[in-house]
> 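Okay, here's the structure, questions in a sec.
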Amino acid sequence: MKCRRCEEQAVVEVRHAHAAYCPTCFVERCREQVSRAIGEHRMIRSGEKVLVAVSGGKDSLAVWDLLLDLGYPADGVYLGLGIGGYSDRSGDCARAFAERRGATLIEIDLASEVGFTIPQAANTRRMPCSACGLAKRHLLNKTALDHGYDVLVTGHNLDDEVAVLFGNTLQWNMPYLARQRPALPESSGFARRVKPLVRLTERETAAYCVIRRIDYIVEECPMASGNRHLLYKELLNTLEERDPGAKATFLNGFADRVAPLLDDLAAQERDSVGTCSRCGSPTTAEVCAFCRLRDQATRPPRRRKKRRRDRSVHAEESPVTGGESRRP
Ligand code: FES
Ligand code: ZN
């Protein structure tokens, strides 16, 4: 196979683009795709302070590397989730990358910052990944605002976005569909949140890291087994195998034809947000979901047992969501 651009030996095939690239042209292509996503969705304006949410995985390290190379002086933030050796190793990858690039990494340790770890949060009625996602959203947004960053970057790639879209479509979760954008504007209590990797697949970000010799944590989070998002990804990979380009068509079709129809709903959602009476974070309830999670996760074990019985009731009420709150 020859590189589509320079005719040298190709090393990466991008099936959905019907093309293959040599290492140099592939890295160039990744930069162009990120630049294009940033420009199309006006993700970052000149002179803005940029914070990248870094997990130590391939996507977050790739996006950080790409932004630095594109001339954005981005800092990183790493959340120590307290998931044993997995957290230790992912933290090491984040720190090693920051050191290699001479970039600033803010570290937040969940246990010392908020008094619980993700394994402790998994003892509540939430699924581990749901509790983890909630804690991450809350703390990353808070860190961005507290440190005066204009924009929070996450490493969501095309595969992530398609899997989320697929799940929200299966459940016709309209508020979530209304919020599914590559760039969510800043609003009261929220920093702008952007996903510059939305044009690159998981395979591409992995190849990018290998070519750029970026060490990332390869193992999956041990708490993620049974995660519905991973099931959707597997199903969509099977589809993509048979019909290359199906994922991008699905996602782009939604962005072009459906998302604009949901603009009013997205605005209504933003307008209905108030502030948590405890921590001041944006929420539609009196007390935000994060404060409620913290109460549950730090509650003495006896009372937590009682909560577990509650879970079965919730599960019966809502077999699809397991009774999880879908509001901020
Ligand atoms: Fe969040 Fe695994 S990284 S549950
Ligand atoms: Zn709160």
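When a residue number appears, it is its place in the shown sequence, counting from 1. Keep in mind that what you see is a predicted model, and the values were worked out from it rather than measured. Numbering of ligands and ligand atoms starts at 1, following listing order.
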> Before giving the answer on side chain to side chain contact (heavy atoms under 4.5 Å, CB included), spell out for L79 and K136 the whole-Å C-alpha distance, their side-chain angles and the decisive distance to 0.1 Å.
CA-CA 8 Å; L79 295 185; K136 281 179 182 165; 3.8 Å; yes

> Using modelled atom types only, decide if a donor and an acceptor are shared between the side chain of N173 and the backbone of Y176 within a distance under 3.5 Å.
yes

> Decide, yes or no, whether a salt bridge links R192 with D150 under the criterion of side-chain N to carboxylate O below 4.0 Å.
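Here R192 does not pair with D150 in a salt bridge, since their nearest N and O are not under 4.0 Å apart.
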
> Kindly assign one of parallel, tilted or perpendicular to the pair F166 and F250, based on the angle between their ring planes and the thresholds 30° and 60°.
perpendicular

> Please report, to 10°, the angle around the Zn ion (ligand 2) from atom SG (C276) across to atom SG (C291).
110°

> Can you give me the SG-the Zn ion (ligand 2)-SG angle for C279 and C288, to 10°?
110°

> Quick check for you: within a radius under 2.8 Å, how many protein N, O or S atoms neighbour atom 1 (Fe) of ligand 1?
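Under the 2.8 Å cut-off, the count stands at 1.
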
> Apply side chain to side chain contact (heavy atoms under 4.5 Å, CB included) to the pair E204 and F26, showing each step before the final yes or no.
CA-CA 9 Å; E204 287 172 275; F26 178 72; 3.9 Å; yes

> Under the salt bridge (Lys or Arg N to Asp or Glu O under 4.0 Å) test, which residues partner R294, sequence neighbours left out?
none

> Taking the six-membered ring of F190, is NZ or CZ of R193 closer than 6.0 Å to its centre and within 45° of its axis?
yes

